[in-house]
Amino acid sequence: MKFRTPNRFPDLAALHARLGELAPDLDLEEVPDDPDPLAAPLERGGWRLSNRFVVQPMEGWDGTADGGASPDTLRRWRRFGESGAALIWGGEAFAVREDGKANPNQLCHADRGSTLSTLAALRDALLAGHREIGGEAPVDWRLGLQLTHSGRWSRPLAGPAPRIAFRHPVLDPRVGVEDDAVLLSDAELEGIAERYVEVAGCAREVGFDFVDVKACHGYLLHELLAARSRAGSYGGDLGGRSRLMRRIIEEIGRTAPGLDVAVRLSVTDVVPHRKGKDGAGEPDWSAGAPYEHGFGLDPRQPDQPDWSEPLALIEQLVGDGVRWFNLTIGSPYWCPHIQRPASFPPSDGYPPPEDPLAGVAAHLRAVRRVREAQPSIGLVGSGWTYLQEWLPAIARHEVAAGHVDGVGLGRMILSYPDLPRDVIARRAMPKRAVCRTFSDCTTAPRKGLPSGCYPLDPHYKEKPEATRLKELKKEVGR
Ligand SMILES: Cc1cc2nc3c(=O)[nH]c(=O)nc-3n(C[C@H](O)[C@H](O)[C@H](O)COP(=O)(O)O)c2cc1C
């Protein structure tokens with residue numbers, strides 16, 4: 001499908017007009033940047049933040065074999081610090097157990113001693129970044145660690161080693177599940193929950209301000225939220241499906257006083273997509289057929305979000321003491337076009353089935369929907385990178401209107417970590433640093449290489465892996 005990429009819009013009004021065609025409800029308009037709402041401090045949900053920029057969790061597939069940080073991991077965390085963003089949401093997904101690693105090089109908890117030293121090194125790298133930027137470092141900032149078990153998407157060694165919450169008619173064959181052998185029992189889930197609590201204790205000891213009990217992108221706690229077909233304590237109704245995450249949050253609160261708990265949530269979803277016969281993405285599910293395997297999707301009409309369960313869950317979690325949420329949509333494994341809207345798909349994806357701006361609009365709308373229901377919690381939005389040079393202008397509107405508190409930067413932070421500081425200091429954005437959503441940062445790890453911005457970050461451009469990645473992309477035709 002043909003669409004106009006954001007860098008081809010001559011001005012903000014033209015971009016607004018296109019977004020207005022795709023999502024008339026958004027009602028966007030230009031907001032003055034002096035004073036800049038993105039540079040405004042915020043006090044919300046118990047946190048004081050010097051600005052509205054958030055570094056999203058961004059994994060690098062570059063940890064050591066025993067789950068520790070490599071020089072590239074530390075470089076990334078230092079650059080997170082150099083960004084000047086006031087909120088570092090998780091840094092990256094940290095597996096609470098070896099079997100829950102999403103790739104062989106994911107950071108991982110093995111024992112208390114090694115986790116403490118890894119986390120201390122990550123925090124030190126971030127602080128070194130702050131020192132590097134001197135007076136441009138945020139005065140009030142928060143650092144979290146994202147805790148994960150990859151569940152269905154676990155790959156602790158070379159190939160898939162799924163541990164699933166329920167049988168899924170489309171996703172099972174994609175990860176080689178043929179029977180119930182890899183279905184996690186209730187007792188196994190409870191064992192995994194204990195590891196979340198253990199790692200949270202380590203994060204607190206090292207000086208992290210919060211942990212993110214990750215419930216997004218198809219990983220274990222997110223998959224559980226859709227486990228309607230699961231029998232036992234952790235499936236069935238929403239109470240059962242959210243029981244494990246709520247148990248983890250409660251236990252962290254009991255054992256790690258002073259450590260805040262936040263949640264990154266895939267707040268809505270779409271049915272799994274695949275590459276269609278014409279090459280573009282298409283639903284891998286019969287139109288109109290009921291679909292009970294999604295969270296935040298109407299099972300009878302799965303082409304529509306259903307806000308009732310996500311809003312009920314958020315209300316329960318707020319009651320449990322969670323004050324900050326980072327909202328995302330779906331999963332990079334079954335609907336990358338919406339989870340991370342891009343001009344160019346990753347090697348395991350498909351060309352966009354719609355204008356990627358529709359995906360950006362879905363992210364904006366999702367946060368607004370939650371904001372209406374929960375005016376006083378802290379909310380971070382995702383999926384902004386596709387906007388490219390227009391990112392600050394659209395984000396400014398959403399922040400000024402009070403729709404969102406934090407602007408979460410994912411891919412953009414890999415190519416252009418200085419964006420927050422440049423916007424705050426009113427410096428021009430260098431065109432050569434702006435992420436053009438080539439998806440190499442996703443394709444590389446899909447091919448077993450470390451992630452990073454191969455097209456724009458000289459550190460990755462010059463690595464031998466950059467040549468290898470080019471060859472691999474040629475082989476798959478992208
Ligand atoms: C290379 C890469 C690594 C990522 N790692 C994580 C992760 O560890 N945890 C997580 O919640 N999301 C992760 N994400 C998703 C991003 O946090 C973000 O949601 C996504 O890139 C969309 O935001 P953007 O448009 O700003 O890129 C990753 C994305 C990419 C491209």
So, taking the atom named CD in E194 and the one named CZ in R97, what distance separates them when rounded to the nearest 0.5 Å?
9.5 Å
Under a 3.5 Å cutoff, is there a donor and acceptor pairing between the side chains of S229 and E292?
no
Between R247 and Y234, do the side chains contain a donor N or O and an acceptor N or O under 3.5 Å apart?
yes
Would you say the side-chain atoms of R163 pair up with the backbone N or O of R152, donor to acceptor, closer than 3.5 Å?
no
Answer yes or no: is there a donor N or O on one side and an acceptor on the other, between the side chain of S114 and the main chain of D111, under 3.5 Å?
yes
Under 4.5 Å between any side-chain heavy atoms of I394 and L364, yes or no?
yes
side-chain hydrogen bond (donor to acceptor under 3.5 Å, both in side chains) between E59 and N103: does it pass, once the steps are laid out?
CA-CA 10 Å; E59 223 202 304; N103 63 81; 2.7 Å; yes
Taking atom CD of E315 as the centre, does the number of heavy atoms from other residues, nucleotides or ligands within less than 6.0 Å exceed 12?
no
Min side-chain heavy-atom separation L145-V199 under 4.5 Å
yes
Indicate whether the side chain of E30 and that of H397 have a donor and an acceptor atom separated by less than 3.5 Å.
no
What's the spacing between L409 CG and S83 OG if we round to 0.5 Å?
7.5 Å
Check the surroundings of atom CD in E188: do more than 12 heavy atoms from other residues, nucleotides or ligands lie under 6.0 Å from it?
yes
Between R241 and L225 (side chain of the first, backbone of the second, donor and acceptor by atom type, cut-off under 3.5 Å), is there such a pair?
yes
Trace of the side-chain hydrogen bond (donor to acceptor under 3.5 Å, both in side chains) decision for E198 with H109
CA-CA 9 Å; E198 207 168 291; H109 177 54; 2.8 Å; yes
Polar side chain donor-acceptor pair, Y291 to D298, under 3.5 angstrom
no
Taking atom SG of C435 and atom CG of L391, what is their separation to the nearest 0.5 Å?
10.0 Å
Side chain T118, main chain G68, donor-acceptor under 3.5 Å
no
Yes or no on side-chain hydrogen bond (donor to acceptor under 3.5 Å, both in side chains) for S382 and H363, after CA distance, side-chain angles and deciding distance?
CA-CA 6 Å; S382 304; H363 282 272; 5.0 Å; no
For the residue pair L221 and V213, establish whether any side-chain heavy-atom pair is separated by less than 4.5 Å.
yes
With no hydrogens and no angle check, is any side-chain donor or acceptor of S154 less than 3.5 Å from a backbone partner on D99?
yes
Could you report the tightest heavy-atom contact between C202 and T115, atom names first, then the distance?
CB-CG2, 3.8 Å
Quick one: pull up NE2 in H337 and CZ in R340 and give me the separation to the nearest 0.5 Å.
13.5 Å
Quick test of your reading of the model: are D25 and R365 salt-bridged, counting only N-O distances below 4.0 Å?
yes
Scan side-chain atoms only and decide if S70 and T73 contain a donor-acceptor pair under the 3.5 Å cut-off.
yes
Quick test of your reading of the model: are R79 and E82 salt-bridged, counting only N-O distances below 4.0 Å?
no
Rounded distance (nearest 0.5 Å) linking atom NE2 of H149 with atom CG of L189
9.0 Å
Hey, does the side chain of E43 reach the backbone of R48 with a donor-acceptor pair shorter than 3.5 angstrom?
no
Heavy atoms of L122 and A69 approach each other most closely as CD2-CB, 4.0 Å
Using atom types as modelled and distance alone, determine if a side-chain donor or acceptor of R230 lies under 3.5 Å from a backbone N or O of G236.
no
Side chain R243, main chain S233, donor-acceptor under 3.5 Å:
yes
R204 and D209 ion-paired at < 4.0 Å:
no
Do R246 and L317 come close enough that some side-chain heavy atom pair is under 4.5 Å?
yes
Backbone N or O of Q146 within a donor-acceptor pair of the D212 side chain at under 3.5 Å?
no
Could you tell me whether the side chain of V270 reaches within less than 4.5 Å of the side chain of W285, counting heavy atoms only?
no
Identify the two heavy atoms, one from A85 and one from P138, that lie closest to each other, and give their separation to 0.1 Å.
O-CG, 3.7 Å
Decide, yes or no, whether a salt bridge links D348 with R446 under the criterion of side-chain N to carboxylate O below 4.0 Å.
yes
Under a plain distance cut-off of 3.5 Å, with no hydrogens placed, do Q339 and W334 share a side-chain donor-acceptor pair?
no
Taking CD in E372 as the centre, count heavy atoms belonging to other residues, nucleotides or ligands within less than 6.0 Å. Is the count above 12?
yes
Is a salt bridge present between D457 and R75, judged by a nitrogen-to-oxygen distance below 4.0 Å?
yes
Look at the aromatic rings of H293 and H168 and report parallel, tilted or perpendicular, splitting at 30° and 60°.
tilted
Donor-acceptor check, side chain of N51 to backbone of A86, threshold 3.5 angstrom: yes or no?
yes
Indicate yes or no: does R228 engage D237 in a salt bridge with an N to O separation below 4.0 Å.
no
Please name the pair of heavy atoms, one in L143 and one in W141, separated by the smallest distance, quoted to 0.1 Å.
CB-CZ3, 3.8 Å
Given ring pair (Phe, Tyr, Trp, His ring centres under 6.0 Å), test W153 with H217 step by step and report yes or no.
CA-CA 10 Å; W153 306 101; H217 302 166; over 10 Å; no
Looking only at heavy atoms, which two atoms of L38 and P392 are closest? And how far apart?
CD1-O, 3.6 Å
Less than 4.5 Å apart, side chain to side chain, heavy atoms only: is that true for M412 and W384?
no
Could you tell me the separation between the CG atom of L419 and the OG1 atom of T385, rounded to the nearest 0.5 Å?
9.0 Å
Pairs where residues 391-419 contributes a residue and the test salt bridge (charged side-chain N to carboxylate O under 4.0 Å, His left out) is met, not counting sequence neighbours
D36-R396, R44-D405, R368-E398, R371-D405, D418-R421
Fit a plane to each ring of W47 and W324, take the angle between them on a 0 to 90° scale, and name the class: parallel (under 30°), tilted (30 to 60°) or perpendicular (over 60°).
parallel
D306/R300 ion pair, N-O < 4.0 Å
no
Under the criterion ring pair (Phe, Tyr, Trp, His ring centres under 6.0 Å), I'd like the reasoning laid out for F94 against F208: C-alpha separation, chi angles, the key distance, then a yes or no.
CA-CA 13 Å; F94 187 98; F208 281 66; 8.9 Å; no
Please walk me through it: do V367 and H403 pass side-chain contact (heavy atoms from CB on, under 4.5 Å)?
CA-CA 7 Å; V367 186; H403 297 316; 5.7 Å; no
Heavy atoms of P162 and V177 approach each other most closely as CG-CG2, 3.6 Å
The test is salt bridge (charged side-chain N to carboxylate O under 4.0 Å, His left out); show your working for R78 and D124 and say whether it passes.
CA-CA 8 Å; R78 183 170 50 71; D124 286 351; over 6 Å; no
